[in-house]
Structure formats: C-alpha cells, structure tokens
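Everything on this sheet refers to the single structure shown next.
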Amino acid sequence: MKRRTRLALVLALSGLLGGCGTAPAGPPSSSADEEVFWRAEFEGAAGVRPTERFWNTETGNLDAEGWGNNELQYYTDDVANSALDGAGHLAISARTAPAGSELPCYTEEFCDWTSARLTTEGKVSLTRGRVEIRAKIPTGTGLLPAIWMLGENGAEWPAQGEIDICEVVGGEPQTVYGTAHGPTYFNENGTGGSTDLPADASKAFHTYALDKQPRRITWSVDGEPYFTLTPSELPAPRDWVFEQDMHLLLNVAVGGDWPGPPDASTPSPATMTVDYVRFYGEGRA
C-alpha cells in the first residue's frame with residue numbers, strides 16, 4: 001500500500017510473470033491442517049466499533065503525508081466508516097466527506113472523502129502459518145481497498161517488510177493483486193502476482209489468503225494458489241525480511257498514485273464487508 005504507479009506495477013508484474021498475468025502456484029499450502037490461534041468473526045450489534053482489544057484505528061491524512069501514496073481520504077474512527085453491521089460482518093466504508101467538515105489533506109486543502117484504516121499492530125500478529133480473510137471488496141474509479149500485512153521488526157519501511165494479501169485497484173474490478181515489498185524491492189518494484197475473479201470483486205464474498213512459511217509465501221483466492229514467492233525470486237541481494245511477526249491491516253483508500261482520482265461514478269459509500277479473519281499456525285494474540 002505504499003507508493004506505486006499503476007503502469008509501473010503492471011509492467012513489473014508482466015516482466016515477472018512472462019506477460020501471462022499469473023504465476024506458478026507452487027506446492028499446496030503446508031499449513032492447510034493447522035489450528036486457528038486467533039479469529040475475528042464480527043458478531044455484535046449494528047453500529048458497534050470493532051473491539052480495541054484486537055483492533056487499532058488509525059486516523060488523519062495530512063500528518064501521515066497522504067499515507068505515502070498522495071491519497072485523498074481522511075481516516076476516521078467514526079461508526080460511519082468502520083463498525084459491525086449487525087449481520088456478522090465488519091463494514092469499512094469510504095464516503096464523501098460531510099459538507100463543511102474541512103478535514104486537512106496532504107495533496108489538497110481539505111479531504112473530500114472519509115474512510116477507515118484498522119490494524120492489529122502490537123495486538124495480533126502471524127509468525128508462521130496462514131491468514132484468511134473472507135470479504136466482499138468495493139470497486140470503482142479511484143478506489144484502492146487493501147488487505148495487507150506489515151512487519152514488526154522495528155525498521156523503517158520498506159525494510160519493515162510488507163505483504164499485500166489483496167489489492168483491487170480502480171477500474172480493474174475483477175483483478176486481485178498480491179505483492180511483497182522489502183528493502184530493495186518496493187513501490188513499483190514490488191514483487192508479486194495477480195489473478196482474475198469470475199466477476200466484479202464487489203459482487204460476492206471471496207476468501208483471500210496468505211500462507212507464510214519459512215522462506216516461502218503463497219497467495220491464494222478461494223483456496224486456489226496463484227503465486228508463490230521464495231528468496232530465489234527476489235532481485236539481488238535477495239534480502240528476505242519475512243521471517244518475523246507481521247500484523248494485519250484493512251483499509252479502503254481513495255485516490256492517490258496508483259488508482260488515480262475518483263470521479264462522479266465512484267460509489268459512496270464504497271464498503272469492504274469482512275465476514276471473518278482467521279490466523280492459523282503460530283503467532284501472537
């Protein structure tokens with residue numbers, strides 16, 4: 001979710017994948033039979049914020065320098081942007097900002113959109129195993145919803161390590177991107193793959209998953225692996241930074257370097273509906 005341009009990333013992926021848009025999946029997940037050590041099922045009354053025991057809510061835009069991507073949304077802790085829906089889901093919604101709200105923005109005077117960015121930093125993290133998120137992802141011009149992970153090694157990004165489990169960008173409603181970023185492969189040079197859904201990502205729930213094993217990471221959608229990364233696939237000096245605890249982030253960004261600006265067709269609200277999050281294997285909870 002750091003800076004990148006759509007064209008540069010597509011070119012990077014095409015070069016990596018031989019222009020086919022997908023990559024060899026590698027062997028099946030080695031964590032398929034492991035036990036769940038943490039889960040979020042989002043049961044509760046409509047309008048209740050997700051529990052602070054497990055979830056942090058990051059806010060703002062200007063002080064975060066547009067969240068590293070010149071994004072246009074102001075993240076809030078308001079129930080309009082993130083709350084349970086009363087039907088067993090977490091709803092994370094990007095919305096046009098209320099008239100007169102004057103929310104300070106990095107790339108313009110005021111942010112025209114609000115949204116939410118939730119993390120499990122310092123509370124829940126995966127060391128080794130699998131994370132699964134069943135969700136319905138919003139689509140539309142200028143949107144960049146993301147399910148991703150950051151390392152807890154204390155280093156500055158990109159040495160911190162980032163794994164994007166699922167990104168659906170702007171006007172590509174059926175394409176799911178999975179990408180890894182590290183000290184010498186980040187932004188448009190991130191290493192990853194993509195897969196196509198049978199329909200627009202906003203039309204149905206899908207299970208987006210990542211299997212994180214020693215020196216091997218595998219991305220999948222609905223149980224079908226589509227890309228596997230090992231140190232040998234990294235550019236020299238192959239600085240693999242993923243043997244560490246990594247926490248989860250969920251957000252819906254608007255505008256910025258990759259998806260471009262929203263327009264009159266962009267839905268408001270644009271909601272990521274999360275059915276559950278499950279961590280298997282080993283980690284902290």
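- Just one residue in the list Asn61, Asn81, Thr76 forms a side chain to side chain donor-acceptor pair (under 3.5 Å) with Thr114, and that residue is Asn81.
- Side-chain N or O atoms of Lys123 include one that pairs as donor or acceptor with a backbone N or O of Glu52 at under 3.5 Å.
- Test Glu121, Arg284, Met149 against His247 for side chain to side chain contact (heavy atoms under 4.5 Å, CB included) and you get one pass: Glu121.
- Side-chain contact check for Glu132 and Tyr280: at least one donor-acceptor pair (N or O, by modelled atom type) lies under 3.5 Å.
- Among all heavy-atom pairs drawn from Asn153 and Gln244, the shortest one is N-OE1, 2.9 Å.
- For the side-chain contact (heavy atoms from CB on, under 4.5 Å) test, residues two or more places apart in sequence or in another chain that qualify with Asp239 are Pro183, Thr184, Tyr185, Pro237.
- Checked against the 6.0 Å centroid threshold, Trp67 and Tyr106 do not count as a close aromatic pair.
- Put simply, the side chain of Glu167 never gets that close to the backbone of Pro145: no donor and acceptor are under 3.5 Å apart.
- The two residues Val252 and Gln73 come nearest to each other via the heavy atoms O-CG, 4.2 Å.
- Separation of the Tyr208 and Trp148 ring centroids does not fall under the 6.0 Å cut-off.
- The heavy-atom pair separating Ala83 from Pro50 by the smallest distance is CA-CD, 4.3 Å.
- Under the 4.5 Å side-chain criterion, counting only non-hydrogen atoms from C-beta, Trp38 is in contact with Val124.
- Between the side chains of Thr127 and Asp245, at least one donor N or O sits under 3.5 Å from an acceptor N or O.
- Here CG of Asn189 is found 11.5 Å from OG1 of Thr179. Values are rounded to the nearest 0.5 Å.
- Residues passing the ring-ring contact (aromatic ring centres under 6.0 Å, His included) test with Phe242, sequence neighbours excluded: Trp240.
- Between the side chains of Ser82 and Arg117, no donor-acceptor pair is found at a separation under 3.5 Å.
- Under the 3.5 Å distance criterion, with hydrogens and angles disregarded, no donor-acceptor pair is assigned to the side chains of Asp257 and Asn69.
- The closest donor-acceptor contact from the side chain of Trp219 to the backbone of Asp164 lies under 3.5 Å.
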